[in-house]
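Letters A, B, ... mirror the listed sequences (proteins, then strands); counts begin at 1.
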2 protein chains.
Amino acid sequence: MTENVTVKTLARELNISIATVSKALNDSHEISLDTKQKVLALAKKLKYERNPAASNLRSQKTKTIAVIVPEIANSFFSLAINGIEEIARKRDYHVLIYQTHENSDTETAFTESLVCGRVDGILISVSSSTNNSLHFKSLVKKIPVVFFDRAIDDIDAIKVTTDDYESAYNATLHLIENGCKNIAYLSALSKLDTGKKRIQGYLDALKNKGLGFNEGLMVTHDADKDKTYDRIKNLLTSQKPDAIISSVEEMVIPAYHACKALGMRIPDDVKILSFSNLSTAALLNPSLTTITQPAFEIGQEAAGFLFKLLDKKYFTTDEIPVLKSVLIKRDSTAG
Amino acid sequence: MTENVTVKTLARELNISIATVSKALNDSHEISLDTKQKVLALAKKLKYERNPAASNLRSQKTKTIAVIVPEIANSFFSLAINGIEEIARKRDYHVLIYQTHENSDTETAFTESLVCGRVDGILISVSSSTNNSLHFKSLVKKIPVVFFDRAIDDIDAIKVTTDDYESAYNATLHLIENGCKNIAYLSALSKLDTGKKRIQGYLDALKNKGLGFNEGLMVTHDADKDKTYDRIKNLLTSQKPDAIISSVEEMVIPAYHACKALGMRIPDDVKILSFSNLSTAALLNPSLTTITQPAFEIGQEAAGFLFKLLDKKYFTTDEIPVLKSVLIKRDSTAG
DNA sequence: GCAATTCACTTAAACGTATTCGTAAATAAA
DNA sequence: TTTATTTACGAATACGTTTAAGTGAATTGC
């Protein structure tokens, strides 16, 4: 461990004050070009690295943002994080990632550990088990926050979302057009706007096309994977649906497995489609029809708005876009 | 913005010194139980949060580790990160995530930005384009580093890896046993030990079983996805292999697509298997035989060793396990 | 030609915590 | 009783940076 090179070292070496050094490094207008170049040159030579802790402490800026997501091992979120990272990189920001694993308490603990100046801003997609918005309300008052995809309903904050209602509605229409009359729905996120809108799109499409609905057609997600699987299996045997819409990627996998186990053929016996960003959707057996959200773009947009907040650039809420998902028709819903 | 509550606030309120408060908060032995309780109680009441920047600056500890991976949207890495996170959480550490997108320059830039005390340690799986180990050598001298899965060959550092040679060897045997005689190999990571060992396992199996090999059977990965696809397609038409081993997940998807495009049936015309952690492997058309690495465990182990380094717990290199991958036989290699 | 301004730099004071070194009282050892 | 040790706390400083305020010299304005 050789002695650490700090602004002090540079100042001593160049016979100038540390203030001048600091300002030169920050490209301040009150430093002459000549001095700046000298400082920069020596800094490079001595491999000076600014101490982030000291800088953060003094400036109250961390050049770091936090991303809180339910799960990283999920195509949607990992793509969204890619989008976020791309924007953060351009601004030379660091990205802290936290996974809630859909646990609301974990989520609360994370946000509380972040308010004390560890990060400059937060991007969050809330956990499905979150139903108490109280602590989020206090959070957004303390630190810039942007919600993406999954937001808290009754909170006044920036939310970057997709057209959940329309895409669910259109997907349902697609099934109806292909002759389905008994369409089941695998429900998740029902506590969140995201989930509610998807359900509503489905229900409205059924209604507008004069199709019936009964509670039995709706299966809700369970944290326990086996339970979810059993419920889906039970749905298939008891309701004999001719189609299934899955509101999340995590439920369509067990749905495929259940069909396989029960010897039901997709799409002949039952058609399936799902909200999903799976890269292998086209290679599944059969290839899966998906409602694919623009995950990468959502991340980019959300990060973009967070930086606008950090820059204190004012904008109106109607500048916040609702991104469009796209229905990709494949074999699993073929007529 | 109400005034920030700091140790000073607590000290003033309790009529004790800030030193005592700080020590009480850190559960120092030189503070009486009585005082500790008073401090803790007030801290809770006033919602005191330790300022991380100040703490880092003074203690030279950040309670943060960095994870550098090629890509987050990859089942292996996202699972590994899950493992890392689990261990970090237990220790109350924060996790910074950086993606190199397989770019060596980006990788270098990241590591350089991390040495100046932003994190206490680094977990890294190096990018496939990395061939210069020089800067890694200087890195490991400055800060605790643990490599996982993809390590630099000629560097003396802690590496948590899997049995790449054996698993490639066994996978090749599996194909040979199922009657394949002209086995192609989709090569990636060939600059790294990880990739070299996989290739060697494949070559040795061929040799030991008296099967021939020619350069044409080996297709290398290209950053350009279209190029990779074209190469695979070209391989299939020119070499007419009866089997393909893919050394990475990213190449097996285009391989499936190429077979589809050329009307080749898997596994009848060509059998395929791949190193992969895809959660949908069993649902592909046909289901994919995989060499599945224990990604989550690798993350756990790597993080565990990083914390041992941070704790300055000494251990011998033979304590570092080589984890075992498992060959999961599915339809894509069915005899 | 003199006041007003700009320029380029310095001084000094933070930011909030952790820690070293004291110290006075209480306790234990002799 | 006297001395040595322990206990519980405080004063002061350092961590490395940023920045408000100040300063003397050079430049500008009228």
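- Here dT17(D) is the nucleotide among dT17(C), dT17(D), dC15(C) with the atom lying nearest to any side-chain atom of Ala54(A).
- With dT18(D), dG16(C), dC9(C) as the choices, the nucleotide that has an atom nearest any side-chain atom of Leu57(B) turns out to be dG16(C).
- A close approach under 4.0 Å does not occur between any side-chain nitrogen or oxygen of Ser55(A) and OP1 or OP2 of dG16(D).
- Comparing Ser32(A) and Asn26(B) along DNA chain C, the residue whose closest nucleotide (by nearest heavy atom) sits nearer the 5' end is Ser32(A).
- Not one side-chain nitrogen or oxygen of Ser59(A) sits closer than 4.0 Å to the OP1 or OP2 atom of dT17(D).
- Regarding Tyr48(B), its OH atom lies at a distance of 7 Å from the C1' atom of dT17(C), rounded to whole Å.
- In this structure, the NZ atom of Lys63(B) is 16 Å from the P atom of dT17(C), given to the nearest Å.
- Of the candidate nucleotides dT17(C), dT17(D), dA11(D), dA11(D) has the atom lying nearest to any side-chain atom of Ala19(B).
- Across the protein-nucleic acid pair, Asn15(B) atom CG and dC9(D) atom P stand 13 Å apart, rounded to whole Å.
- Using a 4.0 Å heavy-atom criterion, one finds that Ile16(B) contacts the sugar-phosphate atoms exclusively.
- Considering only side-chain atoms of Arg58(A), the nucleotide from dA13(C), dT17(C), dC9(C) that sits closest is dA13(C).
- There is a side-chain donor-acceptor pair under 3.5 Å between Thr62(A) and Asp120(A).
- Distance, Ile18(A) CD1 to dA8(C) C1': 17 Å, rounded to whole Å.
- At the heavy-atom level, Ser22(A) lies under 4.0 Å from base atoms of the strands shown.
- Enclosure of atom CG in Asp156(B) is not indicated, since only 12 or fewer non-hydrogen atoms of other residues, nucleotides or ligands lie within 6.0 angstrom.
- The existence of a salt bridge linking Asp311(A) and Arg91(A) is confirmed by a sub-4.0 Å separation between a basic side-chain nitrogen and an acidic carboxylate oxygen.
- For the residue pair Ser125(A) and Asp149(A), no side-chain donor N or O sits within less than 3.5 Å of a side-chain acceptor on the partner.
- Nearest-nucleotide positions on DNA chain D place Val21(B) closer to the 5' end than the other of Val21(B) and Gln60(B).
- Evaluation of atom-type donor-acceptor distances gives no pair under 3.5 Å for the side chain of Glu30(A) against the base of dC7(C).
- Side-chain atoms of Lys23(A) and base atoms of dT10(C) include a donor and an acceptor less than 3.5 Å apart.
- Rounding to whole angstrom units, CZ of residue Arg50(A) and P of dC15(D) are separated by 19 Å.
- For the residue pair Asn51(B) and Arg118(A), no side-chain donor N or O sits within less than 3.5 Å of a side-chain acceptor on the partner.
- Judged by distance alone, with hydrogens and angles left aside, the side-chain atoms of Lys61(B) form no donor-acceptor pair with the main-chain N or O of Val119(B) at under 3.5 Å.
- In this structure, CG of Leu33(A) is placed 15 Å from C1' of dC9(C), rounded to the nearest angstrom.
- Between Ser17(B) and dC9(D) there is no side-chain polar atom (N or O) within less than 4.0 angstrom of OP1 or OP2.
- Computed from coordinates, the Glu49(A) CD to dC15(D) P distance equals 19 Å when rounded to whole Å.
- At whole-Å resolution of the value, CG in Asp27(B) and C1' in dA18(C) are 15 Å apart.
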